[in-house]
Amino acid sequence: MSRNLVIVESPAKAKTISKYLGKDFDVLASYGHVRDLVPKEGAVDTDADFAMKYQIIERNEKHVNAIIKALKKSDALYLATDPDREGEAISWHLVELLKEKGVIKDKPVHRVVFHEITKGAINEAIEHPRMISDELVCAQQARRALDYLVGFNLSPLLWKKVQRGLSAGRVQSPALRMIVERELEIEAFKAREYWTIEADVSKESQPFVSRLIRYRGEKVEQFSFENEAAAREVESTLLAAANGTLTAVKVDKKQRRRNPSAPFTTSTLQQEASRKLGFNTQWTMRVAQRLYEGIELPGEGNVGLITYMRTDSVTLAQSALDEIRDLIGERYGAQNVPAEARVFKTKAKNAQEAHEAIRPTSVAITPESLKGKLDEEQLKLYTLIWQRTMACQMVPAIFDTVALDLAAGPHSDKGHLLRANGSVLVEPGFMAVYQEGKDDNETDDGDRLLPEISQGDTISLDKLRPEQHFTEPPPRFTEASLVKTLEEYGIGRPSTYASIIMTLKNREYVEMDGKRFLPTDIGRIVNGFLTEHFTQYVDYDFTARLEDDLDEVSLGKKEWIPLLKEFWAPFSKLVLHKDENVTREQVAMARELGTDKKTGKPITVRMGRFGPFVQIGTKDDEEKPKFAGLRPGQKMNDITLDEAMELFKLPRKLGETADGLSVSASVGRFGPYVRYGDKFVSIKGDDDPYTIELPRALELIEEKKRIDAERLILDFEEEGIQVLNGRYGPYITDKKKNARVPKDREPKTLTLDECKELLAAAPERGRRGKKKKVSASEASSKKTATKKKAKKKTKKKAKKKAKKKTAKKKVAKKTAPAAKKKKTTGKSTDGAEG
């Protein structure tokens, strides 16, 4: 009998921890969350102090039952779910479930957290347990309630005003707003011309480059020279003043130090993995999770390689600092170890300082030692974490920098000045191990060596180069830059960035142009609706303040119910007001393209229930407006009048079949198709309804007929009854009802009367999805009966199997009496991930 039961979130972690704790501990996984809000309206009762109605998550019910069974045989319960608010909430929910089942009773319940999966950290945590934190649980409940209240009220509104299947989230909506607003900036951007003046210069045949910084005593700004004429005038003035040479009037030599970046937080790891490895945020977290939970290493078993990967802290444990500094001295020399350990300050508000930054559990496990033991992506991410951790405790990189001011003509307050900058890396310091990646708007000239020059020296002016430039719009967001911006605004928290981005993609609010976010038409519509009608709730500062409030709840500085009341009262009123006063037409973001030459009616593009479409006329006209859906790849914001009119060429008449049926091509609700008579063939692949011709359409029709013929077994045409080959076997249909063909009957031998009898006994079509409402007690008894039935069936199968096994053994003994018994070993593998 096991004296202690330990609960973690994932089976991979359970396997590692079980090995470290030994025989007195039984370790089971909850497989993530065990309870969640009931997925229907009223799950958060706003009239009863936001009481929350939970239910067990169906897919994890069997794991909860396994925990209940194990706890009955145990003396104590240790809750070792992840060391964050989500983990705290999982532990609390599990305890609540176990109380309901009556299995905890007087057994002690301990909360322990593992910031790293190593033997020392695990034993230390077990020896110093604590209680479940009410503050963290309240903060998570408040966050869940807020997300529910926003989602369950805004999403149905979007369904009514735009189209079904849409969603609005408390944090995803401000993120979408960022992407759409950046796109609007790009579209509104007007390039502006400007010119720069650079000079190719040299001293004793050593060339270098300088740029004009003063002209006629005035500082040169970006738009000092706005066209070629102005640039050419400057060129001629400088050439005349310089007469082929420049004079060094100032030589400024300095030594510059560059300090290393802090160790990784969740946000910075996601950004750097995106820049350097091309990982998206979700994949980064998935790979990091495996490194944290433990990787099977030959001869060592499962080893946790990094500390917990959801953190906003940049602190490192003293034991880790000592190990890092020792290894730096061994590998890179004592000169690269600073006199004191470097300490970084966490920038994030209310950072969870109990956590460490993301680091290797031991830097002694080097990336080289893991080659061939990790897969390619695991090794890449581990290497990135290892290098950043080592570098953060190394001495700065030292550069010698030189700035030369060169005068064209006499040096005076009204004169012309050019500047050349150079830098040389003298001591690489931390840069010998790691350099941080850069975003689009960051530049680094790198090493630029200048010749030895003293004040008063004469420099040859070899060539003046006036160069034309145009200002560029701000770049679209990448995953890295979006995470960075969300963090700067204080929107979301470490564990949410990946899910925010995934939701935006899954809802098709954004698409990827390479690695950059591009808002879709539906993304623009949703953002337009929310920013116009729910401005406060997608405001960046409001969202950030709400995150701060939730952090205050987690610190015990605020109560969660008053916080929810403060949010809910104005929000619910606004939802009701918008539901009653905003029409679909106001939300559709209709854009007028022009006028139809034939009818004089306006032509608009707008969003409908099934996607974007072009419309000729309005709903107020006597005649019904004409509609045409946009083609794949066409955007509401880009489509022109000519392109829109092309859409009304459908349906296209292509001709007739050999037996005189009319053939046409068009696009319907379910995509493009060819029609022949009253039948349809879907168009797929490279075929296009706008360009397809009759020969190809006839090929598709013949192919459809062949497939239908193979599907048809019997056809009682006069009675409208057919026997068909279906996905799940042969069946009978009269287009109203379907009936299965009995297993003991050959479908081809069925008579009309037999078909009629089978159809009469079959259930009505469309009834499968409609379930009769039953009470909780009825549902419970039905469930119990089903379980009993299943149990009985399992026992019966087991008995049958045992009989067969016994019979086989008897035969084996008779046929091979002298055979020796061989010892066998079996390995149990568990590939599931939590």
Side-chain angles (χ1 to χ4, degrees), residues 10-20 114-122 260-261 263-266 268-311 316-317 319-332 336 356-394 430-437 827 829-831 833-834:
S10 78
K13 196 193 293 186
K15 191 177 176 183
T16 309
I17 292 168
S18 182
K19 180 189 73 172
Y20 292 141
F114 307 141
H115 295 290
E116 59 183 74
I117 309 300
T118 58
K119 189 171 185 177
I122 288 164
S261 300
F264 281 130
T265 61
T266 303
T268 53
L269 177 65
Q270 289 173 347
Q271 292 171 51
E272 199 73 337
S274 174
R275 295 187 196 108
K276 287 193 166 183
L277 307 180
F279 290 5
N280 62 38
T281 50
Q282 190 183 41
W283 189 247
T284 299
M285 297 310 289
R286 191 173 292 174
V287 176
Q289 180 90 25
R290 294 295 296 123
L291 294 174
Y292 164 68
E293 289 178 348
I295 301 293
E296 193 76 30
L297 298 182
E300 298 177 60
N302 247 52
V303 177
L305 294 177
I306 63 169
T307 53
Y308 191 57
M309 66 289 159
R310 290 189 178 91
T311 177
L316 294 173
S319 57
L321 288 171
D322 293 341
E323 187 190 27
I324 293 163
R325 287 166 62 80
D326 288 345
L327 190 60
I328 292 168
E330 284 176 29
R331 287 183 67 128
Y332 305 106
N336 279 301
E356 283 189 75
I358 303 168
R359 63 165 175 84
T361 53
S362 170
V363 288
I365 304 173
T366 62
E368 307 92 78
S369 70
L370 294 174
K371 283 181 180 174
K373 300 173 184 177
L374 301 183
D375 67 35
E376 187 181 356
E377 292 180 325
Q378 289 168 349
L379 183 60
K380 281 181 180 178
L381 193 65
Y382 182 79
T383 302
L384 198 68
I385 294 167
W386 186 90
Q387 290 175 341
R388 175 91 161 214
T389 305
M390 290 288 287
C392 83
Q393 290 303 316
M394 292 176 73
F430 76 92
M431 289 177 68
V433 178
Y434 181 84
Q435 289 189 60
E436 188 174 19
K827 286 187 179 178
T829 57
D830 189 347
E833 286 183 21

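One is the number of the first residue; the rest follow in order along the sequence. Computed from a prediction, not measured in an experiment: that's the story for all the values here.
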- Message: Lys119 vs Lys19, test: side chain to side chain contact (heavy atoms under 4.5 Å, CB included). Steps then yes/no.
- Response: CA-CA 9 Å; Lys119 189 171 185 177; Lys19 180 189 73 172; over 6 Å; no

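- The two residues Tyr434 and Leu384 make their nearest non-hydrogen contact at CE1-CD1, 4.0 Å.
- Between Ser10 and Glu293, the shortest heavy-atom contact is OG-OE2, 2.6 Å.
- For the pair Lys373 and Tyr382, the cation does not sit on the ring face, since its NZ or CZ is not both under 6.0 Å from the ring centre and inside 45° of the axis.
- Ion pairing between Arg388 and Glu436 holds under the 4.0 Å rule for side-chain N and carboxylate O.
- Scanning all heavy atoms of the two residues, the minimum distance from Thr366 to Ser369 falls at O-OG, 2.6 Å.
- If you take CE on Met394 and CE on Met431, they are separated by 11.5 Å, rounding to the nearest 0.5 Å.
- Nearest heavy atom pair, residue Lys371 against residue Leu379, reads CG-CD2, 3.7 Å.
- For Thr311 (side chain) and Ala357 (main-chain N/O), no donor-acceptor pair under 3.5 Å exists by modelled atom type.
- For the residue pair Glu116 / Thr361, no side-chain donor-acceptor distance below 3.5 Å is found, with atom types taken as modelled.
- Expressed to the nearest 0.5 Å, how far CH2 of Trp283 lies from CD of Gln270 amounts to 14.5 Å.
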- Task: Given salt bridge (charged side-chain N to carboxylate O under 4.0 Å, His left out), test Glu377 with Lys380 step by step and report yes or no.
- Result: CA-CA 5 Å; Glu377 292 180 325; Lys380 281 181 180 178; over 6 Å; no

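- Distance CG/Leu269 to CE/Met309: 10.0 Å, rounded to 0.5 Å.
- Contact record, Cys392 with Ser261: CB-O, 3.4 Å, taken as the closest heavy-atom pair.
- Taking each heavy atom of Glu356 and Arg359 in turn, the nearest pair found is OE1-NE, 2.7 Å.
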